[in-house]
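Written below as structure tokens is the structure these notes are about.
Order of listing sets the numbers, starting from 1, for every ligand and every atom in it.
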Amino acid sequence: MLTYALCMSCSLLFGAEHTVIEISTNNIGLVLRTGNDGRLYQSYLGKKLTHKDDILHLPLGTEAYITGGMEDYFEPALSVVNTDGNPSLLLKYIGHEVKKPEANVTETVVTLQGDKYPVTVKLYYTAYQKENVIKTWTEISHREKKPIVMNRYASSMLHFNKSSYLLTEFSGDWATEVRAKEQPLAFGKKIIDTKLGARANMHCSPFFELAFDAPATETVGEVLVGTLGWTGNFRFTFEVDNNGALRVVSGINPWASDYDIKAGETFRTPDFYFTYSFTGKGQASRNLHDWARNYQIKNGKGDRMTLLNNWEATYFNFNEEKLLHLMDNAVELGVDMFLLDDGWFGNKYPRSSDRQGLGDWKETADKLPHGIGYLTEAAHKKGIKFGLWIEPEMVNPKSELYEKHPDWVIHMPNREEYYFRNQLVLDLTNPQVQEYVFGIVDRLMTQYPDIAYFKWDCNSPITNIYSPYLKDKQSHLYVDFVRGLYNVLERINAKYPNLPMMLCSGGGGRTDYEALKYFTEFWPSDNTDPIERLFIQWGYSQVFPAKVLSAHVTTWNSKSSIKFRTDVAMMGRLGFDIKLEDMNKGDEAYCRAAVENYNRLKPVILDGDMYRLVSPYEGNHTATMYVGKAGDHAVLFAFDIHPRYAEKSLPVCLQGLKPDKMYRAKEINLMPGARSSLGADGKRYSGEFLMNVGLNLFTTGQLNSRVIEITEE
Ligand code: GLA
């Protein structure tokens with residue numbers, strides 16, 4: 001710390017001579033500066049400073065990308081063992097470059113160089129002006145004689161010096177994904193990480209919220225929201241030091257993953273994305289949603305299809321007749337697509353349960369004698385699209401694939417296998433396996449070009465952790481597995497750029513923004529109980545827009561009405577996983593009308609601005625609204641979960657409307673024959689009234705829901 005104090009005073013004396021690098025968006029400013037020692041410091045991160053001269057008054061700050069083996073005593077961003085066995089590295093600023101590939105985007109790259117060792121580190125920052133998002137990653141290369149070994153290689157390191165830090169993590173398990181938990185940070189480390197390899201996010205999601213000085217609400221407070229784009233082991237380290245300063249180190253989890261780089265090779269870390277809001281968490285979420293739709297998600301600006309999935313309607317027990325019947329259900333509901341789930345493949349070991357057949361991607365002849373082509377054609381004739389479930393990275397030991405290619409499977413050479421969901425993970429570090437996995441999609445698409453959608457599942461973590469391909473480089477397994485997966489997905493995207501795909505991982509086991517380059521949506525959880533979904537969708541909505549959250553109406557919690565279940569699912573990419581036989585005529589009519597309403601409201605829900613109004617964590621009710629980008633059309637979802645007898649209920653103030661405009665608020669998604677307190681034609685209000693006085697949204701009824709469409713007049 002003495003070093004920093006000395007540098008700080010030098011910078012005040014000689015500040016004007018130092019290189020200043022400003023990375024900014026419309027609202028956020030990140031200032032990097034060089035010290036007299038030639039090293040790079042983070043001088044500032046916060047609200048954008050608009051008076052240039054003020055920058056020289058900033059303290060020098062903390063070294064921006066701290067390296068291991070030098071004088072710092074806390075968590076480094078980068079730690080390498082050089083060829084001579086020396087574990088130290090000191091980086092000095094060499095230069096930086098700024099590019100503007102488009103008016104809204106600035107790319108800055110800062111080059112640092114080892115003083116004693118020829119190691120080069122490039123820090124990249126892409127700033128999205130209007131979305132107020134910064135994407136950052138690091139490239140590491142060297143010219144030493146032999147490979148160097150990295151045991152830390154963060155994408156990003158950020159520093160904060162505030163009175164207090166309140167961290168929100170999103171953790172849970174299968175069916176209890178993304179439970180928000182807040183905790184203050186004190187001296188020492190808090191680590192959020194995963195070691196699951198594949199299905200990496202089963203216990204925790206790769207994002208966090210960090211409020212400074214005071215807790216942040218939806219509309220008040222300073223909060224940074226960060227997320228890592230890596231479909232594998234990640235790690236966020238939050239470390240408060242002896243001076244109460246916090247560093248946040250984000251990247252691949254280096255656990256069991258020492259990585260060597262040869263001379264001339266470049267190691268690129270995954271991207272870390274963050275936004276900083278000065279007006280609460282709601283704005284931070286809207287920033288990320290806008291950025292994601294504009295720049296990151298596959299077909300981010302495009303439409304999404306509604307669908308009927310057969311999984312919960314049939315599980316593995318179906319035949320052609322049952323599927324055709326479900327397709328008719330899809331037509332009656334008015335959805336765009338029928339999605340055939342697990343259980344359609346395998347002949348020597350038919351996939352009649354999750355115990356066998358994974359890996360053998362040929363239709364089970366006695367179950368589907370006419371093949372997938374017959375089904376795509378039937379769907380086509382009925383005027384709907386056809387989608388198909390695959391789990392291409394996995395294999396059941398009871399499969400022809402395993403019998404033929406045991407060397408393609410991640411498993412130990414000298415131990416008995418153990419299984420997660422009776423399956424094993426294919427060794428995607430092996431290019432032959434990558435070829436095979438790409439071929440699954442490619443063959444299906446070549447043979448059945450009418451397949452309009454894939455649900456890509458991944459139901460196991462990496463178990464029996466040993467790659468037959470990597471041999472003596474086992475510590476590369478976790479990283480190279482993910483890179484192998486990206487190679488495959490890249491090829492699929494290149495060949496089938498318009499093919500929508502849902503990423504599923506036994507529920508929410510894969511939920512990151514790098515994956516979303518290749519997927520149009522993900523499956524947040526196998527738990528479709530609408531009460532749980534209110535929490536789960538609330539959790540994911542912190543970072544992801546409604547557009548990528550697949551939400552299906554099922555029979556989970558059938559104590560709740562079909563209306564309640566559908567109203568919840570309409571806050572995402574709507575689908576059904578239910579038979580019409582599970583509904584009465586009124587329910588059916590309600591669902592048809594809801595699908596029509598959804599189609600009309602898609603631009604608002606999927607592409608609009610989301611305002612979380614009342615949190616399910618705070619009581620017995622919750623409400624969220626979506627406002628179309630023009631501010632003239634909105635939809636409001638309100639839910640009574642378990643209200644107390646005679647509890648006091650206050651009107652809820654809306655957000656995002658134009659105060660001086662008049663709006664009609666009309667209740668939609670009513671059950672046949674039901675009446676609304678807003679009357680059959682709705683009521684007229686000014687935006688000002690709706691946002692300052694609000695609407696009475698809640699009742700004391702258990703599991704009630706209301707959907708209100710708000711249209712400018
Ligand atoms: C996983 C998915 C489910 C379903 C099953 C099929 O559990 O999350 O939606 O596709 O696999 O086996």
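Cation-pi contact between Arg351 and Phe345: absent, since separation from the ring centre below 6.0 Å together with deviation from the ring axis within 45° is not met. In this structure, Lys455 forms a cation-pi arrangement with Trp523, its terminal cationic atom sitting closer than 6.0 Å to the ring centre and no more than 45° off the ring axis.
Contact annotation: Asp341 has at least one heavy atom less than 4.0 Å from an atom of ligand 1. Look at Arg421 and you'll find a heavy atom under 4.0 Å from some atom of ligand 1.
With no hydrogens or angles considered, a side-chain donor-acceptor pair links Tyr486 and Thr231 at under 3.5 Å.
In the vicinity of Gly507, heavy-atom distances shorter than 4.0 Å reach the ligand 1 atoms 8 (O). The Trp523 neighbourhood of ligand 1 comprises atoms 8 (O), 9 (O), with distances under 4.0 Å to a heavy atom of that residue. When each atom of ligand 1 is checked for a heavy atom of Asp342 under 4.0 Å away, the hits are 6 (C), 12 (O). Of all the atoms in ligand 1, the ones that sit under 4.0 Å from a non-hydrogen atom of Cys504 are 2 (C), 8 (O).
Between Phe170 and Phe207, a ring centre-to-centre spacing shorter than 6.0 Å is recorded. Separation of the Phe316 and Phe318 ring centroids does not fall under the 6.0 Å cut-off. Side-chain rings of Tyr453 and Trp389 stay apart, their centers remaining 6.0 Å or farther from each other. Remark: aromatic rings of Phe522 and Phe544 are close, center separation under 6.0 Å.
Summary of contacts: the protein heavy atom closest to atom 7 (O) of ligand 1 is Asp526 OD2, 3.1 Å. Atom 2 (C) of ligand 1 has its closest protein heavy atom at Asp457 OD2, 3.1 Å.
Formation of a donor-acceptor pair under 3.5 Å by the Ser505 side chain with backbone atoms of Gly507 is not found in this model.
Heavy atoms of Asn459 found under 4.0 angstrom from ligand 1 belong exclusively to the side chain. Only the side chain of Lys455 comes within 4.0 Å of ligand 1, counting heavy atoms alone; its backbone N, CA, C and O stay farther away.
Looking at Ser505 next to ligand 1, no N or O pair under 3.5 Å apart turns up.
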